[in-house]
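Everything numeric in this text was worked out from a predicted model, so none of it was measured.
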Amino acid sequence: KHCHVDKSQLQLKLFRDSLEGMLAWLHKQRKAVDEKCRLVGSDGKLDELIEWHRKTKQDIETHRGVRDSILLISDRFIKELGHTEINQLKTSVSELKDGFSNLEISFKKFSGSIGV
């Protein structure tokens, strides 16, 4: 017997996993930026902070692309899904939008504080 997998359910699961992964990444990045902000002005930390800034900037740019894809796909799912699922999805999606904006704001402040 072949086990039948509903393609749209599978897509939704993959989508949800990506969304959850992005939210976890955002949370981790925000904490990291806060920690690095506290190190600004510590002796001998500047080189390390500048290097971390460089890597994190690339990481944020990569994830910005992922965020954009997730937002596009979420629009499609929201049209197709039932109400309870949509509400959960909408909540996570707005968390993603807000979280990303907040991360970019914090990161910009951090950049300014180390002069890059």
> Which residues pass the side chain to side chain donor-acceptor pair (under 3.5 Å) test with D59, sequence neighbours left out?
Replying inline: W25, H63

> Can you pull the salt bridge (charged side-chain N to carboxylate O under 4.0 Å, His left out) pairs that have at least one residue in residues 67-79, sequence neighbours excluded?
Replying inline: R76-E80

>> I'd like to check L89 versus L19 (side-chain heavy atoms, cut-off strictly below 4.5 Å). Are they in contact?
In response: yes

Would you list the atom pairs, donor with acceptor, under 3.5 Å between side chains in residues 103-116 and any protein atom, with sequence neighbours excluded?
from: E104; atom 1: OE2; to: R64; atom 2: NE; distance (Å): 2.8
from: E104; atom 1: OE2; to: R64; atom 2: NH2; distance (Å): 2.6
from: S106; atom 1: OG; to: N102; atom 2: O; distance (Å): 3.0
from: S111; atom 1: OG; to: H53; atom 2: NE2; distance (Å): 2.8
from: S111; atom 1: OG; to: F107; atom 2: O; distance (Å): 2.8
from: S113; atom 1: OG; to: F110; atom 2: O; distance (Å): 2.7

> Of the non-hydrogen atoms in V93 and S74, which two are nearest, and what is the gap between them?
Replying inline: CG2-CB, 3.7 Å

>> According to salt bridge (charged side-chain N to carboxylate O under 4.0 Å, His left out), does anything in residues 88-102 pair up with another residue at least two apart or in another chain? List the pairs.
In response: none

> What do the steps show when you test R38 against E35 for side-chain contact (heavy atoms from CB on, under 4.5 Å), and what is the final call?
Replying inline: CA-CA 5 Å; R38 284 195 287 276; E35 280 163 24; 3.6 Å; yes

> Between Q29 and T56, which heavy-atom pair has the shortest distance, and what is it?
Replying inline: NE2-CG2, 3.1 Å

> Any side-chain heavy atom of I86 sitting closer than 4.5 Å to one from F77?
Replying inline: no

>> Tell me the closest heavy-atom pair linking F100 and I60, and the distance in Å.
In response: CZ-O, 3.7 Å

>> Within the 4.5 Å heavy-atom criterion, are S92 and E20 side-chain neighbours or not?
In response: yes

>> Taking salt bridge (Lys or Arg N to Asp or Glu O under 4.0 Å) as the definition, give me every residue that meets it alongside D17, ordered by chain and number, with sequence neighbours left out.
In response: K13

> Who passes side chain to side chain donor-acceptor pair (under 3.5 Å) against R30, sequence neighbours left out?
Replying inline: none

